[in-house]
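Data block below; observations after.
The residues of the chain are indexed from 1 along the displayed sequence.
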Amino acid sequence: MNLMAPNNVTEFVLLGLTQNPYLKKILFVVFLFIFLFTVLANLFIIITISLSPTLSAPMYFFLTHLSFIDGIFSSVTTPKMIIDLLYQRRTISWGGCLTQLFLEHFLAASEVIVLMSMAYDRYVAICKPLHYMAIMRQGLCQLLVVVAWIGGILHATVQMLFTVDLTFCGPNIINHFMCDFFSLLEIACSNTYRLGMVVATNSGGMCLLIFLMLLISYIVILSSLKSQGSEGRRKALSTCGSHFTVVVLYFIPCIFTYTRPVISYPEDKLVSVFFAILTPMLNPIIYTVRNTEVKNAVRSLLKRRVV
């Protein structure tokens, strides 16, 4: 595995979101605000759950890790993209490209497993309420988080094994604002069709399969709500609605991006903006606005700080 720049390619030129100088200034302000809000909002969720005794359920243990991942995930590509908006020529080194790719896939895969753990938690809570505490014990929750981090590392390592063997014959211009694997495949000088299909299976296939599994789990959960009272249904729909919204926002862009041959579309940049920048911002909003327990904990925490 060669981590040195292949064929003397030491850097790549990123075309970014736009070449319009006026629009770049506007986007700089917009994305700077989004980035700061994303980091602070996810940090606020972590602090709120850590300091609130009412949020000690396993679901909020997973939500803490989800917010932690979102905060870091937003920091992988967004700061460089914001800084690049100030410059005419935007470049990234081969080493920087590999680092960005590894962190993207590591955090994305870890988040997938955390979302699966949260879905399993909701399934047990609603479909097996009498056995909930026995099944979702602390040891199992911690094990699922460890699996999430290890799974993320394994997935990202597989992607890196594919990436470091790519060769580049000259063109080093990437029509993107970040280092994207499919963009690298397009400018590689070797035949990348089979490699593209393998990546589509590894990333896209995983996204599609897990999304279908989560969809089926929520169909089972919704069907089991018929036997519960109105208050139980309302509370279950509140927590499940938040989680399912996050799942849809996460998996639809992932499926669009990776379940296809190595072809770039004009919409790719917008999908990447939504997936890598907007979704980490929306997650804490969704869990705060749609979850009654989190809203009550936030109010209680703010009152304690005021007093």
Task: Gln19 atom CD: more than 12 heavy-atom contacts under 6.0 Å - done: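 For Gln19, atom CD is crowded (more than 12 foreign heavy atoms under 6.0 Å).
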
TODO: For Phe102, look at atom CZ and say whether over 12 heavy atoms of other residues, nucleotides or ligands are found less than 6.0 Å away.
DONE: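 Yes, the 6.0 Å shell around CZ holds more than 12 heavy atoms from other groups.
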
Separation of [Y] [atom2] from [X] [atom1] (nearest 0.5 Å):
| X | Y | atom1 | atom2 | answer |
| --- | --- | --- | --- | --- |
| Phe244 | Ser217 | CZ | OG | 8.5 Å |
| Lys24 | Arg90 | NZ | CZ | 4.5 Å |
| Ser52 | Arg299 | OG | CZ | 12.5 Å |
| Ile255 | Leu212 | CD1 | CG | 7.0 Å |
| Leu66 | Ser110 | CG | OG | 11.0 Å |
| Met81 | Phe28 | CE | CZ | 10.5 Å |

For the backbone of [Y] and the side chain of [X], can you confirm whether one donor and one acceptor N or O come within less than 3.5 Å of each other?
| X | Y | result |
| --- | --- | --- |
| Asp70 | Thr38 | no |
| Thr18 | Asn20 | yes |
| Ser75 | Gly71 | yes |
| Lys25 | Leu86 | no |
| Ser50 | Ile46 | yes |

So, for [X] and [Y], which heavy atoms are closest and what is the spacing to 0.1 Å?
| X | Y | value |
| --- | --- | --- |
| Leu55 | Val294 | CD2-N, 4.3 Å |
| His176 | Leu14 | O-CB, 3.5 Å |
| Ala297 | Thr54 | CB-OG1, 4.2 Å |
| Met59 | Tyr132 | N-OH, 4.3 Å |
| Ile187 | Asn172 | CD1-CA, 4.2 Å |
| Cys179 | Leu101 | O-CD2, 3.3 Å |

- [ ] Could you walk me through whether Thr245 and Leu282 pass side-chain contact (heavy atoms from CB on, under 4.5 Å), step by step?
- [x] CA-CA 10 Å; Thr245 303; Leu282 293 173; over 6 Å; no

Open item on the list: Ignoring hydrogens and geometry beyond distance, is a side-chain donor-acceptor pair present between Asn283 and Tyr250 at under 3.5 Å?
Closed with: no

- [ ] Mind telling me whether His105 and Phe181 have parallel, tilted or perpendicular rings, with 30° and 60° as the class edges?
- [x]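 Phe181 and His105: perpendicular rings.
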
Task: Geometric class of the His65/Phe61 ring pair [parallel <30°, tilted 30-60°, perpendicular >60°] - done: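 It falls in the perpendicular class, over 60°.
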
Task: Lys/Arg N to Asp/Glu carboxylate O, Glu11 vs Arg89, below 4.0 Å - done: yes

Side-chain contact, heavy-atom cut-off 4.5 Å: [X] with [Y]?
| X | Y | result |
| --- | --- | --- |
| Gln159 | Glu104 | no |
| Thr257 | Asp268 | no |
| Ile277 | Ser74 | no |
| His155 | Met206 | yes |
| Leu214 | Phe251 | yes |
| Gln100 | Met178 | yes |
| Trp94 | Leu98 | yes |
| Phe162 | Leu185 | no |

Linking I/L/V/M/F/W/Y whenever their side-chain heavy atoms sit closer than 4.5 Å, directly or via other members, would [X] and [Y] fall into one cluster?
| X | Y | result |
| --- | --- | --- |
| Ile26 | Leu36 | yes |
| Ile210 | Tyr120 | yes |
| Val76 | Val271 | no |
| Phe168 | Leu15 | no |
| Ile150 | Leu143 | no |

TODO: Apply the test side-chain contact (heavy atoms from CB on, under 4.5 Å) to residues Val145 and Ser117: give CA-CA distance (whole Å), side-chain angles for both, the deciding distance (0.1 Å), then the verdict.
DONE: CA-CA 8 Å; Val145 169; Ser117 301; over 6 Å; no

Indicate, with yes or no, if the rings of [X] and [Y] have centres closer together than 6.0 Å.
| X | Y | result |
| --- | --- | --- |
| Phe275 | Phe73 | yes |
| Tyr123 | Tyr218 | no |
| Tyr258 | Phe182 | yes |

Open item on the list: As a quick check of understanding, evaluate side-chain contact (heavy atoms from CB on, under 4.5 Å) for Ile252 and Phe211, giving each step before the final call.
Closed with: CA-CA 9 Å; Ile252 296 302; Phe211 179 70; 4.2 Å; yes

TODO: Decide side-chain contact (heavy atoms from CB on, under 4.5 Å) for Phe12 and Thr91; before the verdict, give the C-alpha distance in whole Å, the side-chain angles of both, and the deciding distance to 0.1 Å.
DONE: CA-CA 5 Å; Phe12 298 96; Thr91 62; over 6 Å; no

